[in-house]
Amino acid sequence: MVLDTPVLMTERLVLRTHRLDDFADLCAMWAHPEIVKFIGGEPQTPEQVWQRLLRYTGNWALFDYGYWAVFDKSTQQYIGNIGLAENHRDIEPRLRYPEMGWTFNPAFHGKGYAVEAAKCVLAWADEVLKTPVCCIIDQDNVRSIHLAEKCGFLLRKETGYHGNMIYIMERQNAIVDTELL
């Protein structure tokens, strides 16, 4: 079964639904210590990555939003993942909106790809979902906090999650209904 998920494009990137043939790239990325440093701390096994791949696509099937695999448009090289999910996290306060997340291969850090992809996904969410979006970020993950702030996320709450202090951040929908003004 192929889900009818949108393909998004930016000047340098193609964002498309994950496929089975992305599994090797996902395994390589989730085994990298830099990727998991603030997300569990331990490299993920192929079994864990398989479950992640199923979550990425399963969100599309159940909620009409999910994660995209991100590729460099000119080289077709896999860069990372970005998207929205309903994770049913055991967290207080409860997350009120679709949760945005991102992971980018460390070889592509510092090149603006994450900001480019995030702004593209948020524009899609503003237009299609018409709802605010949230994210959770480890308080020590300065790079991700900076990305979230660049994209308009604001701190809502500091709280604990799986033994770490995290920030719950929220971003309002950027499209204003002019009929309400």
Side-chain angles (χ1 to χ4, degrees), residues 3-6 8 15 17-18 22 26 29-30 34-45 47-70 80-104 114-177 179-181:
L3 297 172
D4 188 23
T5 59
L8 305 179
L15 289 71
T17 192
H18 286 84
D22 296 329
L26 284 167
M29 189 176 72
W30 283 99
E34 186 68 22
I35 292 296
V36 299
K37 182 177 182 180
F38 300 110
I39 307 172
E42 296 292 325
Q44 293 193 348
T45 66
E47 180 180 351
Q48 290 170 312
V49 175
W50 181 254
Q51 296 301 315
R52 182 176 293 283
L53 176 61
L54 295 177
R55 277 196 315 271
Y56 287 166
T57 57
N59 270 277
W60 283 109
L62 296 174
F63 302 106
D64 292 328
Y65 56 82
Y67 269 70
W68 287 269
V70 182
N81 313 292
I82 192 164
L84 302 159
E86 176 52 62
N87 291 315
H88 279 267
R89 294 189 189 275
D90 185 15
I91 192 171
E92 289 296 331
R94 304 298 276 167
L95 301 180
R96 304 184 293 182
Y97 307 115
E99 180 186 344
M100 187 170 185
W102 49 82
T103 51
F104 287 85
V115 172
E116 190 174 326
K119 288 185 176 183
C120 180
V121 168
L122 288 166
W124 177 86
D126 287 345
E127 184 178 320
V128 175
L129 300 180
K130 300 178 181 358
T131 181
V133 174
C134 71
C135 64
I136 66 168
I137 303 174
D138 186 289
Q139 70 177 7
D140 295 329
N141 191 344
V142 176
R143 183 182 299 271
S144 279
I145 293 167
H146 185 64
L147 171 62
E149 290 171 342
K150 274 186 171 182
C151 293
F153 285 87
L154 300 172
L155 179 63
R156 175 174 166 236
K157 177 81 175 162
E158 293 180 45
T159 190
Y161 183 66
H162 289 186
N164 296 316
M165 288 305 297
I166 60 144
Y167 296 145
I168 296 175
M169 301 179 79
E170 293 180 353
R171 178 189 173 275
Q172 297 301 308
N173 184 315
I175 297 176
V176 176
D177 186 344
E179 292 179 14
L180 297 176
L181 298 178

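Quick note: numbers below take in every heavy atom, side chains included, and nothing from hydrogens, waters or symmetry partners. Remember, it's a predicted structure, so these values are computed and weren't measured experimentally.
- Atom CD of Gln51 and atom CZ of Arg55 lie 7.5 Å apart (nearest 0.5 Å).
- Glu86 contributes a side-chain N or O that, together with a main-chain N or O of His88, makes up a donor-acceptor pair within less than 3.5 Å.
- Rounded to the nearest 0.5 Å, atoms OG1 (Thr103) and CD1 (Ile39) are 6.0 Å apart.
- Here the closest non-hydrogen pair linking Glu170 and Cys134 is CG-CB, 3.9 Å.
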In sequence, state the C-alpha distance, the side-chain angles, and the governing distance for Asn59 and Leu84, and then conclude on side-chain contact (heavy atoms from CB on, under 4.5 Å).
-> CA-CA 8 Å; Asn59 270 277; Leu84 302 159; over 6 Å; no

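- A parallel orientation is assigned to the rings of Tyr67 and Tyr56, their planes being inclined by less than 30° (bins at 30° and 60°).
- Residues in residues 119-139 take part in these side-chain hydrogen bond (donor to acceptor under 3.5 Å, both in side chains) pairs, two or more places apart or across chains: Asp126-Arg171.
- Residues satisfying the ring pair (Phe, Tyr, Trp, His ring centres under 6.0 Å) test with Tyr161, not counting sequence neighbours, are none.
- With sequence neighbours excluded, the residues that form a ring pair (Phe, Tyr, Trp, His ring centres under 6.0 Å) with Tyr65 are Phe63.
- Between atom CD1 of residue Ile166 and atom NZ of residue Lys157 there is a gap of 11.0 Å, rounded to the nearest 0.5 Å.
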Give the C-alpha distance, both sets of side-chain angles, the deciding distance and a yes or no for side-chain contact (heavy atoms from CB on, under 4.5 Å) between Trp30 and Leu53.
-> CA-CA 11 Å; Trp30 283 99; Leu53 176 61; over 6 Å; no

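- Between Thr159 and Glu92, the shortest heavy-atom distance links the atoms OG1-O, 2.7 Å.
- Proximity of Pro93 to Arg156: side-chain heavy atoms (C-beta onward) are separated by under 4.5 Å at one or more points.
- Under the 3.5 Å distance criterion, the side-chain polar atoms of Gln48 are matched with a main-chain donor or acceptor of Thr45.
- Listed for the Arg94 side chain is a donor-acceptor partner under 3.5 Å among the backbone atoms of Arg89.
- Going from atom NE2 of His162 over to atom CD1 of Ile136 covers 8.5 Å, rounded to the nearest 0.5 Å.
- Heavy-atom minimum distance, Ala125 versus Val133: CB-CG2, 4.3 Å.
- The CD1 atom of Ile168 sits 9.5 Å away from atom CZ of Arg96, with the distance rounded to the nearest 0.5 Å.
- Between the CD1 atom in Ile145 and the CZ atom in Phe153 there is a gap of 13.0 Å [rounded to 0.5 Å].
- Checked against the 6.0 Å centroid criterion, the rings of Trp68 and Trp60 qualify as a close aromatic pair.
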For side-chain contact (heavy atoms from CB on, under 4.5 Å), just list the numbers for Ile35 and Gln44, CA-CA rounded to whole Å, side-chain angles, deciding distance to a tenth of an Å, and then say yes or no.
-> CA-CA 10 Å; Ile35 292 296; Gln44 293 193 348; over 6 Å; no

Checking side-chain contact (heavy atoms from CB on, under 4.5 Å) for the pair Asp22/Asn81: CA distance, chi angles, key distance, verdict?
-> CA-CA 11 Å; Asp22 296 329; Asn81 313 292; over 6 Å; no

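- For the pair Ser144 and Ile137, the tightest heavy-atom approach, listed with the atom from each and the gap, is O-CD1, 3.5 Å.
- No side-chain heavy atom of Asn87 sits under 4.5 Å from any side-chain heavy atom of Leu95.
- The shortest non-hydrogen separation linking Pro98 to Leu129 is CG-CD1, 4.4 Å.
- Of all heavy-atom pairs spanning Gly80 and Met29, the tightest one is CA-SD, 4.0 Å.
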